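Side chains included, hydrogens not; waters and symmetry mates left out as well; all remaining heavy atoms used. Remember, predicted model here, so these are calculated numbers, not experimental data. Note that the numbering runs from 1 along the sequence shown for the chain.
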Amino acid sequence: MKLICIGRNYTDHIEELENERPTDPVIFMKPDTAILLKKQPFFIPDFSDDVHHEVEVLVKIKKVGKYIEKKFANKYYDEISLGIDFTARDLQGSLKEKGLPWEKAKAFDGAAVIGSWISKKELGDVDNIDFHLEKNGEIVQEGNTRLMLWKIDELIEYVSKYFTLKIGDVIFTGTPAGVGAVKPEDILTGYISNKQFFSIKVK
């Protein structure tokens, strides 16, 4: 199982971090050790003073695929979820300045929250999914998958050119604007429409 993450897939998030708009999807990976265990709190790592939440729609791959055409991509997933890509922003900035990979800032233990899964049939159009993140009961991030630069099926087509997709792989599809630092005792709760998909306490 691997976690395939897409960066810079929402224009408003690109602008808030003053990043360059990419011409192709930005891909990075997280190992399965990055998955935060169910019912466990998220512990801020001691190597960062600026860990940010990034809420994202997730897709679970249901069969093996390589060089998948966009028109067939919908046959490779049945389930959608919501999660968080935790990012050690201070460490990421330092790594980017040196032209180094981001893994230490993105793929550390507990850096990937995966919420409960729901059939895509229950959601209707996967290119029109409303989602948001609340921190301590206040909405801090809001998005809709129609605002993605590359939609879900396009991402599957692109990613599968480089990596064979296997059963159980999860694609993190990118985050909208509103990312921000977490602090001990924060409660992070993620919703698709009005349905809760996860609730995480920060330690």
Classify the side-chain pair [X]/[Y] by whether it contains a donor and acceptor separated by less than 3.5 Å.
X    : Y    : value
E79  : S119 : no
D90  : S48  : yes
D130 : N144 : yes
E54  : T87  : yes

One should read off an interatomic distance between I171 CD1 and I156 CD1, to the nearest 0.5 angstrom, of 5.0 Å

Hey, are the side chains of [X] and [Y] touching, using non-hydrogen atoms and a 4.5 Å cut-off?
X    : Y    : value
T173 : W150 : no
I27  : Y158 : yes
V179 : Q141 : yes
I4   : F28  : no

Which atoms form the tightest heavy-atom contact between [X] and [Y], and what is the distance?
X    : Y    : result
P101 : L95  : O-CD1, 3.4 Å
S81  : I192 : O-CD1, 4.0 Å
T189 : S199 : OG1-OG, 3.5 Å
F198 : L82  : CD2-O, 3.6 Å
I68  : F72  : CG2-C, 4.2 Å

Residues passing the side chain to side chain contact (heavy atoms under 4.5 Å, CB included) test with T164, sequence neighbours excluded, are V64, K66, K166

**Item:** Sidechain N-carboxylate O distance under 4.0 Å for K62, D78
**Value:** yes

Original post:
Using 4.0 Å as the upper bound for N to carboxylate O, is an ion pair formed by E122 and K195?
Top reply: no

How are the rings of F42 and F108 set relative to one another: parallel (under 30°), tilted (30 to 60°) or perpendicular (over 60°)?
tilted

